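Read the structure below first, then the notes.
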Amino acid sequence: MTERGPKMLLGAVTGALVAAAAGFAFGFMEPGVFQSAPVAPAPAPQPVIARSEVKVLPPIIANLANGSNLSVRLEAAVVLKPDVAEAAEISARISDDLVTFLKTVSIREIEGPTGFQLLKNDLRSRAARIGNGKTLDLLILTFVVQ
């Protein structure tokens, strides 16, 4: 062994003993010594008075485009802002528009990993446009191609 070997071993043992002593000392310290000052509690959340209105659309059945023998059955719901007076009228217009739109969609457009996601985005944007700011979302409950 060289002369550096015992010095390195002594340094390693000394370091381990210092670390053990520090851990032992921290174990006997009073709890909360290193904790920050208490934080004031967050204010209680205000109750939500107005709730969104959800209108379930009647089932939509449409043949797909390009002369295919496939059809689509879509069950969806529209989320409207609270207290919309013409909720039934908006829901009916959205339902009619979705039927018309689905007749223009081909099976190739909804295939693949992103096809259905793009279709959902299209349906949501159409519902938002027809709702004229009163439509919050379009929820797709079921979507079946047969």
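What you see is a predicted model, and the numbers here were worked out from it, not measured in a lab.
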In a table with atom names and distances, give each donor-acceptor pair under 3.5 Å that connects a side chain of residues 93-107 to protein atoms at least two apart or in another chain.
{"from": "Asp97", "atom 1": "OD1", "to": "Arg126", "atom 2": "NH2", "distance (Å)": "3.0"}
{"from": "Asp97", "atom 1": "OD2", "to": "Arg126", "atom 2": "NE", "distance (Å)": "2.8"}
{"from": "Asp97", "atom 1": "OD2", "to": "Arg126", "atom 2": "NH2", "distance (Å)": "3.3"}
{"from": "Thr100", "atom 1": "OG1", "to": "Asp96", "atom 2": "O", "distance (Å)": "3.0"}
{"from": "Thr104", "atom 1": "OG1", "to": "Phe101", "atom 2": "O", "distance (Å)": "2.5"}

Sequence neighbours left out, cut at 3.5 Å: what donor-acceptor pairs do the side chains of residues 127-146 make with other protein atoms?
{"from": "Lys134", "atom 1": "NZ", "to": "Glu86", "atom 2": "OE2", "distance (Å)": "2.1"}
{"from": "Thr135", "atom 1": "OG1", "to": "Ala127", "atom 2": "O", "distance (Å)": "3.4"}
{"from": "Asp137", "atom 1": "OD1", "to": "Arg124", "atom 2": "NE", "distance (Å)": "3.0"}

Dump the intermediate steps for side chain to side chain contact (heavy atoms under 4.5 Å, CB included) on Val54 and Val78, then the final yes or no.
CA-CA 6 Å; Val54 178; Val78 179; over 6 Å; no

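Contact detail for Lys55 and Ser91: the closest heavy-atom pair is CB-OG, 3.3 Å.
The line from CG of Asp83 to NZ of Lys81 is 12.0 Å long, rounded to the nearest 0.5 Å. In this structure, CG in Asn63 is found 8.5 Å from CG in Asn69, a value given to the nearest 0.5 Å.
Side-chain heavy atoms closer than 4.5 Å link hydrophobic residues (I, L, V, M, F, W, Y) into clusters, and following such links, even through other members, never connects Ile60 to Val79. Residue Leu70 is not grouped with residue Ile61 when hydrophobic side chains (ILVMFWY) are merged at heavy-atom distances under 4.5 angstrom, including chains of intermediate members.
Side-chain contact between Leu64 and Ser71 is absent, with no heavy-atom pair separated by less than 4.5 Å.
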